[in-house]
Student: 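Here's a structure for you.
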Amino acid sequence: MAAHSSSRQPFAWTEKDFHDDASPGKRQLAVALREVCRHLAIRSADGSTVLTHPTQAQAAKHLYIGESSLTRYLTGQYVPSEETTISIFETASRDAGGEQCVGVTKARLLELRALAEQERCGNCARHRAEARAARQELKASVEAQKRLTKEAEDQDAELRTLRRRYSALKQETLRIREVTEAGPQNRRPEELDATPLPVPPRDGDRQRSMKDVSAAQRITRRAEELAGGGRPDRVLALLRHTVEACTSQEMALLVALLRSKGQDELAGNFVHIYARDRSDRDVLRAALVLHEQDVVRDAEALLRGAAARQ
């Protein structure tokens, strides 16, 4: 057992590999601490003999620190406190017979410790800055997610409202179509007193159709005259008056005439005013006539305009 002990290099445990995360400053401090620890005079249990090959556990006990802590100091993983650094140095100096025998002065050892501590604090500051930036980025991401969620909820609510309006308009259109196709004998009393629903021209409707066409032609000519004379205010007044007085059939014929004569702006204005000022029932009737006459785009514009005023 003695031969095995003497075959090892004294204080071999001070030659450990440095920790992977040991910075240059910590490594310099660890080298100085290793030099100091090699001057420890550790005695046997009975105190009669100084051990030439003390173990790390015996050295840690002699220094009154934990063995794992001593390992971390000597490998550059941890920086010991100033009190611990002074205690290690003074113990080794006492065992060696004075500070001049240790090979490292107390001032130099404390200087190395201060440099390692500053280096550690610099890393901590960098880590704190990185953590702060990460928190700010996370906060911005959370706020952006909340904003997007709110926008999605608002758009979903708007979409549900539009779907309800579309469903109501569709049901009313179907009801009007059913009433139109059913004939007067199946209408309710209040519907018999209402303005006749527009239907595609039939033989019995020839006189009415001619009258509607004539009225639409007169309004178109008058609108063209006012527009050609540079009187847009009078054109709008004419359109408003026409909206108030015309039937659904006349409205559809007037839009078709304006389109055929290239008066697209007048036609668009007329559809807009009609959708704004007439009741939903009148708008639906007019849209139905436009649709039956294959003026689909103006029918859709009429319905959209009525839905937008809700």
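As the structure is a computational prediction, the values presented were derived from the model and not from experiment.
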Student: Tell me whether the guanidinium CZ or amine NZ of Arg34 lies under 6.0 angstrom from the six-membered ring centre of Phe18 and within 45° of its axis.
Tutor: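 Yes, Arg34 and Phe18 form such a contact.
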Student: Less than 4.0 Å between a side-chain N and a carboxylate O, is that true for Glu300 and Arg297?
Tutor: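 Salt bridge absent between Arg297 and Glu300.
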Student: Do the side chains of Glu143 and Arg147 get close enough for a salt bridge, i.e. N-O under 4.0 angstrom?
Tutor: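 Answer for the salt bridge query: no.
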Student: Are Asp20 and Gln77 close enough that some pair of their side-chain heavy atoms sits under 4.5 Å apart?
Tutor: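 Asp20 does not reach Gln77 side chain to side chain.
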Student: With a 4.5 Å limit on heavy-atom distance, are the side chains of Arg285 and Asp282 in contact?
Tutor: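 Yes - at least one pair of side-chain heavy atoms lies under 4.5 Å apart.
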Student: In the structure I gave you, are the side-chain heavy atoms of Glu90 and Lys106 within less than 4.5 Å of one another anywhere?
Tutor: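 Glu90 reaches Lys106 side chain to side chain.
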Student: Under 4.5 Å between any side-chain heavy atoms of Phe89 and Leu110, yes or no?
Tutor: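 The answer is no, as the side chains (C-beta and beyond) never meet within the 4.5 Å cut-off.
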Student: Is Val31 reachable from Leu70 through a run of I, L, V, M, F, W or Y residues, each pair having side-chain heavy atoms under 4.5 Å apart?
Tutor: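 No; Val31 is not reachable from Leu70 via cluster members.
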Student: Is the closest side-chain heavy-atom distance between Lys16 and Gln56 below 4.5 Å?
Tutor: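 Touching, per the 4.5 Å side-chain cut-off.
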Student: Would Ile65 end up clustered with Val79 when hydrophobic side chains under 4.5 Å apart are linked, directly or stepwise?
Tutor: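 Same hydrophobic cluster.
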Student: Answer whether the closest heavy-atom distance between the side chains of Thr84 and Ser69 falls below 4.5 Å.
Tutor: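 Answer no - side chains too far apart.
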Student: For the residue pair Thr52 and Pro10, establish whether any side-chain heavy-atom pair is separated by less than 4.5 Å.
Tutor: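 Of all side-chain heavy-atom pairs linking Pro10 with Thr52, none is under 4.5 Å.
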